[in-house]
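The structure under discussion appears below in the form of structure tokens.
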Amino acid sequence: MRRSTGGSRLHSVYEILFSGFGPQGWWPARTSFEVAVGAILTQNAAWSNVEKAIANLESEGLLLPDAMRGVSEKRLARLIRPSGYFNIKAKKLKAFVNFMFDEFGGDLKAMREDGLKELRSKLLSVWGVGPETADSILLYALEKPSFVVDAYTKRLFCRLGVLDGSESYDEVKRLFEENLPKSVELYNEYHALIVEQCKRACLKSRPRCGECLLRAYCRFKPSSSPTRPRP
DNA sequence: GCCCAGGTGGGTA
DNA sequence: TACCCACATGGG
């Protein structure tokens, strides 16, 4: 990881993204529980498919912890089918809801009482919750300052020359958290902006992700010399 | 018809 | 530790 130059560039990249796209207003959900459900359903899936699965759950009144706890795994799987991997994800949703009840009486508000480090560790112990899902729940559902790293984050910052692609999830997370103010609002907006940037840039040609940002970076900081994208 | 998407867990060497 | 693979739908 090119830490010596990468850290200071994180601020500039954020400013370019924010000035280009504006506030993103994430996460697109009505309740914290819906955020957590969405975080699990979006694993390796397109958000448009997740929306269909969430709409199905909503129409059946299952976007409530109690209701989801009571529904059969089979029925749950049928309803979330559009999000893909529906059998696995139904198990994951069940595991998460059981965890909520076992540890916090089914109340997400009670989860907020825990410290960030302890809570992240507990979430990672839930079957089906990996680091990205845990951080998404922490940041977007529980409003804890935990930076979310995803495939877009790695792809974009590799293109920008900040990462070389060999970094682990925790290394990338640490790079952002050590070089940015510990702010829920900032982490929320930054991750959402990265996703927005990549979705736009990747719409027609995924390998070129980051090119638009690189051009903006050159305009924004003409004195700097960002790493050239690989051919 | 082919490729890929906002991952994760389990198996194997 | 580091790979490899299964899990699956829907849109471009």
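This structure is a prediction, so every number in the text was calculated from the model and none was measured.
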Review point. What's the OH-P distance between A:Y169 and B:dG7, to the nearest Å?
Key: 10 Å
Review point. Whole Å only: how far is the CG atom of A:N44 from the C1' atom of B:dT8?
Key: 9 Å
Exercise for review: May I ask you to say what A:K89 touches in the nucleic acid, namely base, sugar-phosphate or nothing, with a heavy-atom cut-off under 4.0 Å?
Suggested key: nothing
Exercise for review: Take atom P in C:dA8 and the same atom in B:dG1, then report the distance between them in whole Å.
Suggested key: 23 Å
Point to revise | Between P of B:dG10 and NZ of A:K92, the distance in whole Å | key: 10 Å
Review point. Could you state the CZ-P distance from A:R78 to C:dT9, rounded to the nearest angstrom?
Key: 15 Å
Check your understanding: Does a nitrogen or oxygen in the side chain of A:T133 sit under 4.0 Å from OP1 or OP2 of B:dT8?
Key -> yes
Review point. At under 4.0 Å, does any side-chain N or O of A:K52 touch on OP1 or OP2 of C:dG11?
Key: yes
Point to revise | Nucleotide nearest A:R81 when distance is taken to its side chain, options C:dA8, B:dG7, C:dT9 | key: C:dT9
**Study point:** Atom pair distance, as rounded to whole Å: CD1 in A:I80 and P in C:dG10
**Key:** 12 Å
Check your understanding: Could you state the CD1-P distance from A:I40 to C:dA8, rounded to the nearest angstrom?
Key -> 15 Å
Check your understanding: If you find the nucleotide of DNA chain C closest to A:F86 and the one closest to A:S48, which residue's nucleotide is nearer the 5' end?
Key -> A:F86
Practice item. Report yes or no: do A:S146 and A:K173 form a side-chain donor-acceptor pair below 3.5 Å? Key: yes
Check your understanding: Can you tell which of B:dA5, B:dG7, C:dA8 lies closest to the side chain of A:N87?
Key -> C:dA8
Exercise for review: Give a yes or no on whether A:K122 atom NZ has more than 12 heavy-atom contacts from other residues, nucleotides or ligands under 6.0 Å away.
Suggested key: yes
Review point. A:V129 near the nucleic acid: base, sugar-phosphate alone, or nothing, with a heavy-atom cut-off under 4.0 Å?
Key: sugar-phosphate
Review point. Are A:W26 and A:W47 close enough that their ring centers fall under 6.0 Å?
Key: no
Review point. Rounding to a whole Å, what distance do you find between A:K199:NZ and C:dG11:C1'?
Key: 13 Å
Review point. Side chains of A:D135 and A:Y169: is there a donor and an acceptor less than 3.5 Å apart?
Key: yes
Review point. From B:dG10, B:dT8, C:dA8, pick the nucleotide closest to the side chain of A:W127?
Key: B:dG10
Review point. Just checking, any donor-acceptor pair under 3.5 angstrom between side chains of A:S59 and A:N56?
Key: no
Review point. Hey, does A:V149 reach any base, or is it just sugar-phosphate, or nothing, if we go heavy atoms under 4.0 Å?
Key: nothing
Review point. For DNA chain B, whose closest nucleotide is more 5', that of A:V195 or that of A:L124?
Key: A:V195
**Study point:** Identity of whatever pairs with C:dT9 - Watson-Crick or G-U, under 3.5 angstrom
**Key:** B:dA5
Review point. From the list C:dG11, B:dT8, B:dA5, which nucleotide is the closest neighbour of the side chain of A:R155?
Key: B:dA5
Revision key, fill the gap. A:E167 atom CD is separated from C:dA2 atom C1', nearest whole Å, by 16 Å
Exercise for review: Just compare B:dA5, B:dT8, C:dA8 and give me whichever is closest to any side-chain atom of A:Y85.
Suggested key: C:dA8
Check your understanding: Do A:Y190 and A:F147 come close enough that some side-chain heavy atom pair is under 4.5 Å?
Key -> yes
